[in-house]
Amino acid sequence: MLLAFIFATSGFTQEPDNCSLQERYTVLVHGGTVYNEKRVTDAQLALISSVVTRARGELAAGSRSLDVVVNAIITLEDSGLLDAGKGSFRNTAGFVETDASLMEGHTGRIGAVAAMQRLKNPILGARIVMEDTPHVFFVGPTGEATLIGFGAEQVDEPSSYFIPYNNPKAANFKAGAVGTVGAVALDRCGNLAAGTSTGGYRGKLPGRVGDSPIIGASTYANDLYALSATGKGENFIRRSVTFDIAKRAEYQGVPLQQAADYVVHSLLGDVDRIDGAIIAISREGDIVLSAVNVVGELHGYASQSHNTTVGVKLP
Ligand code: ASP
């Protein structure tokens with residue numbers, strides 16, 4: 001009886017490495033909230049498409065969801081086309097501070113970094129925290145120095161490496177997509193993972209940390225669901241948005257989409273009056289997007305039965 005209860009809820013269990021491969025797999029990626037669909041560039045759409053298509057191939061070949069999520073986010077960070085990694089916005093003091101987090105659903109392992117100034121790939125910093133340290137969260141220059149000591153790659157000249165894609169002063173300014181990035185995946189072992197990475201929003205104060213590195217505010221995964229969020233981070237932290245969505249779906253027994261729409265539309269939208277969006281998947285392969293007070297969320301998804309689909313407006 002007790003055993004049945006444990007298996008029916010979202011525990012963290014260790015799957016054997018040599019799982020028997022199920023047919024079902026899913027990947028869903030986001031590139032932030034969108035305020036003006038016309039200003040989302042072809043390059044951004046092509047980037048999301050190629051990331052999703054590669055992730056689909058990796059999952060089909062049996063890759064672990066954690067690896068797929070990290071690979072997807074590295075490519076998004078390196079692209080310089082979104083507000084994460086190379087393309088990160090600067091704070092009001094004129095330098096970049098990045099945030100990222102990662103969670104593996106079936107083990108409950110987490111890793112996060114915040115206010116990083118030199119890491120080339122914040123999501124890899126989060127992975128080092130998860131896999132190589134006994135801790136879960138590193139912050140600021142001292143945390144960064146520790147992670148560099150563990151092998152995290154740093155950029156030599158942050159002021160020339162980080163070029164904010166949506167810099168209003170730049171010739172190519174396109175205020176279309178805000179561009180925090182995230183990815184969630186279900187692999188053929190039935191395991192879920194989620195990750196999020198950002199430069200934070202434009203005009204943030206130095207030292208400010210948003211929701212993207214906070215487990216349960218932006219990134220969350222367990223045995224049942226994997227989620228990643230984008231939007232006004234302060235409100236996502238106050239409401240533990242992705243944890244709340246996952247637990248409402250689980251405890252109330254409602255579909256994941258219904259739980260997500262309640263938290264995003266009714267709480268963040270109607271009560272808080274802020275804009276934001278989430279992506280989420282379930283172990284059954286449900287693909288869930290929910291957004292409020294924006295025209296949409298730059299996203300792409302694919303599964304064992306669904307070729308890569310990329311868009312802004314939610315399906
Ligand atoms: N959530 C991010 C933050 O508050 C920004 C965003 O997703 O646009 O830092």
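Heads up: numbering here begins at 1 and tracks the sequence. Every number for a ligand or one of its atoms is a count from 1 in the order of the listing.
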Quiz item: Checking Arg202 against Phe89: charged group under 6.0 Å from the ring centre and within 45 degrees of the axis?
Solution: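 Yes, Arg202 sits over the ring of Phe89.
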Quiz item: Tyr201 ring centre to Arg208 NZ or CZ under 6.0 Å, with the angle to the axis within 45°?
Solution: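 Yes, Arg208 sits over the ring of Tyr201.
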Any side-chain donor-acceptor pair under 3.5 Å between [X] and [Y]?
{"X": "Ser290", "Y": "Asp261", "answer": "yes"}
{"X": "Ser228", "Y": "His30", "answer": "yes"}
{"X": "Thr53", "Y": "Thr308", "answer": "yes"}

Quiz item: Contact between Arg208 and ligand 1, counting heavy atoms under 4.0 Å?
Solution: yes
Exercise. Check if Gly32 has a non-hydrogen atom at a distance under 4.0 Å from any atom of ligand 1.
Key: no
Quiz item: Should Asp211 be counted as touching ligand 1, given the test is an N or O pair under 3.5 Å?
Solution: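 For ligand 1, there is an N or O atom that lies under 3.5 Å from one belonging to Asp211.
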Quiz item: What atoms of ligand 1 come within less than 4.0 Å of a heavy atom belonging to Gly233?
Solution: 4 (O)
Quiz item: Should you measure from each heavy atom of Thr230, which atoms of ligand 1 turn up under 4.0 Å away?
Solution: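 Taking each heavy atom of Thr230 in turn, ligand 1 has 6 (C), 7 (O), 8 (O) under 4.0 Å.
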Quiz item: For ligand 1, is any non-hydrogen atom under 4.0 Å from Thr180's backbone (N, CA, C, O), its side chain (CB onward), both, or neither?
Solution: side chain
Quiz item: Which of these, Gly210, Gly200, Gly231, has its nearest heavy atom closest to atom 2 (C) of ligand 1?
Solution: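 It is Gly231 that holds the nearest heavy atom.
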Practice problem: Could you check whether the rings of Phe243 and Tyr220 sit parallel, tilted or perpendicular, using 30° and 60° as the cut-offs? | Solution: perpendicular
